[in-house]
Every structure is written in structure tokens, then in C-alpha cells.
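Values below: every heavy atom of this structure, side chains too, minus hydrogens, waters and symmetry copies.
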Amino acid sequence: MANKELKEMSFLDHLEEFRWMLVRSTLVIITIACASYFIDDFIFNEIIFGPQDPDFVTYEFFCKVTRFFGVDDSYACATEFSFIIQNTEVGGQFSIYLWILITTGFILGFPYILWEIWKFIRPALYENERKKAGLFIVISSLLFFIGVLFGYFIIVPLTINFFATFNVSPTVVNQFTVDSYISMIKTSLIVSGLVFELPIFVYFLTKLGLVTPAFLRKYRRAAIVIILIVAAIVTPPDIPSQVIVSIPILILYEASILISAFVTKKEKENE
């Protein structure tokens with residue numbers, strides 16, 4: 001059974017512990033953000049503005065793939081992007097500078113945030129489950145970073161490639177605000193990272209009895225529709241991009257079903 005700590009702690013005790021969890025996590029994010037100041041040139045010039053270069057690794061890869069299969073490469077093999085990024089607000093660049101450092105702090109500090117979450121839910125777990133803290137942190141962090149990399153190397157380049165090359169008329173020039181450009185990158189990275197945490201979410205929902213493998217199998221078709229909608233939201237409105245983004249999420253969903261079945265089986269054995 002779960003530890004007696006759970007029964008002994010009142011609602012206010014839990015609230016106080018939750019508050020300190022947020023405080024410690026925020027301090028770690030701010031600390032990493034401050035440390036990121038010393039590599040801000042690399043963060044902005046190489047990472048943030050890297051995907052606007054036609055020679056970016058993703059464009060080269062998709063170009064080679066389309067040529068290998070003999071597909072029309074006019075879309076995948078862009079030689080230049082006819083757009084500029086501009087700032088339209090007085091304090092726009094400074095605000096974006098701060099938010100990028102904070103986002104960097106959140107992404108790099110995510111393993112510590114997971115550790116804080118683990119400590120918060122620890123009293124509600126069985127003794128043998130508590131020993132898996134290291135495994136939980138490693139797997140969850142790995143999934144999150146894979147999701148962030150997927151967002152950066154797949155979703156962001158696909159989005160830039162589509163909207164930078166799309167023109168209703170040659171007389172219209174694309175001039176993206178730096179705020180919209182940065183917002184697109186932040187959203188793509190963080191949302192992708194959290195979406196890749198799907199197996200972890202399903203694990204805990206199954207532990208709480210809110211989700212079963214039968215439920216996930218029954219509503220698989222509905223889940224596929226939702227995944228396609230999510231892919232349509234986070235990607236450009238073209239079929240190839242949506243398919244590329246949907247496939248990993250579908251794989252994660254199927255993996256979540258297996259995880260839910262494994263947890264359910266273990267729960268029955270414990271009973």
C-alpha cells in the first residue's frame with residue numbers, strides 16, 4: 001500500500017509542498033536562463049535562426065529523399081527563402097531575448113522539473129514504485145528531448161519552408177515579425193516535447209484507474225482523428241507535412257496502449 005505520509009498530510013500541507021515545488025522549479029529555470037546569457041549568440045544565430053537557411057540539414061535531407069524516389073523536388077529543395085524577419089515594436093527584441101532565455105531554461109531544466117514532480121507524487125506510490133525514480137526521470141526526459149528535437153528538425157523547417165515559399169502574388173513580399181517567428185519556434189518545440197510525453201501520461205492515468213488498455217483500443221479511431229487535427233494545427237496546411245508529423249504520434253499512441261496493458265497486468269498481479 002501507499003506510504004502513510006499521504007494520509008498524514010492535510011490538504012494545506014499538499015498545497016504548501018506544491019507551492020515550494022513551483023518555487024524551486026522556477027529558480028532552476030531562471031538560473032539556467034541566466035547561464036544561457038553567455039551563449040546567447042549561439043542560441044540565436046545557430047539555433048533560432050538556423051532553420052531560415054536553405055542549407056539547413058532538414059532541407060538537405062528531404063531534398064535528397066524526394067530526389068531518390070523521383071518525386072518533384074520543387075517544394076522540398078528550396079534554394080532560397082524570399083522573406084525577411086523584422087521587429088515592429090520598441091522593446092520587441094529585448095522582450096523576445098528574455099523569453100528565449102526563459103524557454104531555454106525550461107527545456108534544459110525539464111529533468112529537474114520532473115524530479116520535483118516525482119517528489120510531489122512520491123507519497124502516493126508503492127514502495128517498489130519509489131525505487132524507479134531514476135528510470136522515470138531518464139525515460140521522461142529522453143521522450144521530452146526527442147520531442148523537442150522532432151519539433152526543431154521537422155515541424156519548424158516544414159513550417160518555414162511552406163510559408164516562406166507560399167505567395168498569393170509576386171507583388172506581395174513576406175515580412176515576418178520576429179515575434180511571430182519566435183512564437184512559432186517556441187510553440188513547436190514545447191508542444192512537441194509535451195506530446196512525446198504521452199506514454200508517461202498514460203502510465204499515470206492507468207495507475208489512477210482513469211484509463212485502461214480496452215478504453216484506448218476502443219477509441220483508437222477517435223484518437224487518430226484527434227492526432228490528425230493536432231498535426232494540422234502545428235504544421236503547414238499540406239498533406240505531406242501532416243503525415244510526417246502524425247506518424248510518430250500514432251506510434252506513441254500504440255506504445256501507450258502497450259504500457260497501459262502492462263500496468264494493468266501488474267496491478268492485477270499485485271492484487
Side-chain angles (χ1 to χ4, degrees), residues 1-6 8-9 13-36 39 43 47 100-155 186-211 213 216 248-249 251-267 269-270:
M1 296 185 63
N3 195 289
K4 294 181 180 179
E5 296 176 42
L6 185 63
E8 294 173 354
M9 293 179 67
D13 291 332
H14 284 290
L15 197 60
E16 179 69 9
E17 182 62 28
F18 181 74
R19 184 175 72 88
W20 279 108
M21 180 190 76
L22 293 179
V23 169
R24 290 190 295 267
S25 298
T26 302
L27 288 175
V28 168
I29 292 174
I30 293 175
T31 300
I32 298 176
C34 292
S36 301
I39 56 170
I43 292 175
I47 298 180
I100 285 298
L101 294 186
I102 291 173
T103 303
T104 302
F106 174 80
I107 292 175
L108 297 181
F110 192 76
Y112 179 82
I113 296 173
L114 288 175
W115 171 250
E116 287 290 343
I117 294 174
W118 178 268
K119 287 197 301 182
F120 181 73
I121 64 175
R122 184 175 178 272
L125 302 176
Y126 293 102
E127 187 62 33
N128 62 325
E129 293 171 334
R130 296 182 182 188
K131 299 177 181 178
K132 300 177 182 177
L135 185 63
F136 165 76
I137 302 299
V138 170
I139 294 178
S140 299
S141 299
L142 184 62
L143 287 173
F144 178 77
F145 288 133
I146 291 175
V148 169
L149 291 175
F150 180 80
Y152 181 72
F153 286 105
I154 302 297
I155 296 179
K186 289 192 303 181
T187 302
S188 299
L189 300 191
I190 294 177
V191 170
S192 297
L194 295 178
V195 166
F196 271 63
E197 293 291 312
L198 179 62
I200 304 299
F201 294 144
V202 170
Y203 173 85
F204 283 106
L205 290 175
T206 304
K207 294 289 295 183
L208 295 172
L210 300 177
V211 168
L216 295 174
I249 304 178
I251 294 174
L252 287 172
Y253 186 82
E254 293 300 324
S256 298
I257 295 177
L258 297 177
I259 291 172
S260 181
F262 174 78
V263 173
T264 302
K265 180 181 177 181
K266 286 293 183 181
E267 290 290 323
E269 291 177 354
N270 292 333

Problem - Y152 side-chain N/O to I47 backbone N/O, donor-acceptor pair under 3.5 Å - result: yes
Completion exercise
Sorted by chain and number, sequence neighbours left out, ring pair (Phe, Tyr, Trp, His ring centres under 6.0 Å) with F153 holds for F56
Completion exercise
Taken to the nearest 0.5 Å, the spacing of L205 CG from L198 CG works out to 9.0 Å
Fill in the blank from the handout: What one should report as the nearest heavy-atom pair of L189 and G151 is CD2-C, 3.8 Å
Exercise for the section: May I ask you to check whether F204 and F136 place their ring centers less than 6.0 Å from one another? Expected result: yes
Exercise for the section: State whether the number of non-hydrogen atoms from other residues, nucleotides or ligands found under 6.0 Å of F201 atom CZ is greater than 12. Expected result: yes
Problem - Spacing of I200 atom CD1 and S256 atom OG [to the nearest 0.5 Å] - result: 9.0 Å
Problem - All ring pair (Phe, Tyr, Trp, His ring centres under 6.0 Å) counterparts of F150, not counting sequence neighbours - result: F196
Completion exercise
Here the gap from I102 atom CD1 to S36 atom OG, rounded to the nearest 0.5 Å, amounts to 10.5 Å
Handout entry: Stepwise side chain to side chain contact (heavy atoms under 4.5 Å, CB included) test for V148 and S192
Key = CA-CA 6 Å; V148 169; S192 297; over 6 Å; no
Problem - Atom pair CD1 (I30) and CG (L101), whose distance is rounded to the nearest 0.5 Å - result: 12.0 Å
Anything under 3.5 Å between a donor and an acceptor, one on a side chain of residues 104-116, the other on a protein residue two or more places apart or in another chain? List them.
{"unit_1": "T104", "atom_1": "OG1", "unit_2": "I100", "atom_2": "O", "d": "2.8"}
{"unit_1": "Y112", "atom_1": "OH", "unit_2": "E116", "atom_2": "OE2", "d": "2.5"}
{"unit_1": "E116", "atom_1": "OE1", "unit_2": "R24", "atom_2": "NE", "d": "3.2"}
{"unit_1": "E116", "atom_1": "OE1", "unit_2": "R24", "atom_2": "NH2", "d": "3.0"}
{"unit_1": "E116", "atom_1": "OE2", "unit_2": "R24", "atom_2": "NE", "d": "2.9"}

Problem - Approximate separation, where rounding is to 0.5 Å, of I146 CD1 and S141 OG - result: 11.0 Å
Problem - L252 side chain near P199 side chain, heavy-atom distance below 4.5 Å - result: yes
Exercise for the section: Using a cut-off of 6.0 Å, state whether more than 12 heavy atoms not belonging to K265 lie near its atom NZ. Expected result: no
Problem - CE-OG1 distance between M21 and T26, expressed to the nearest 0.5 angstrom - result: 9.5 Å
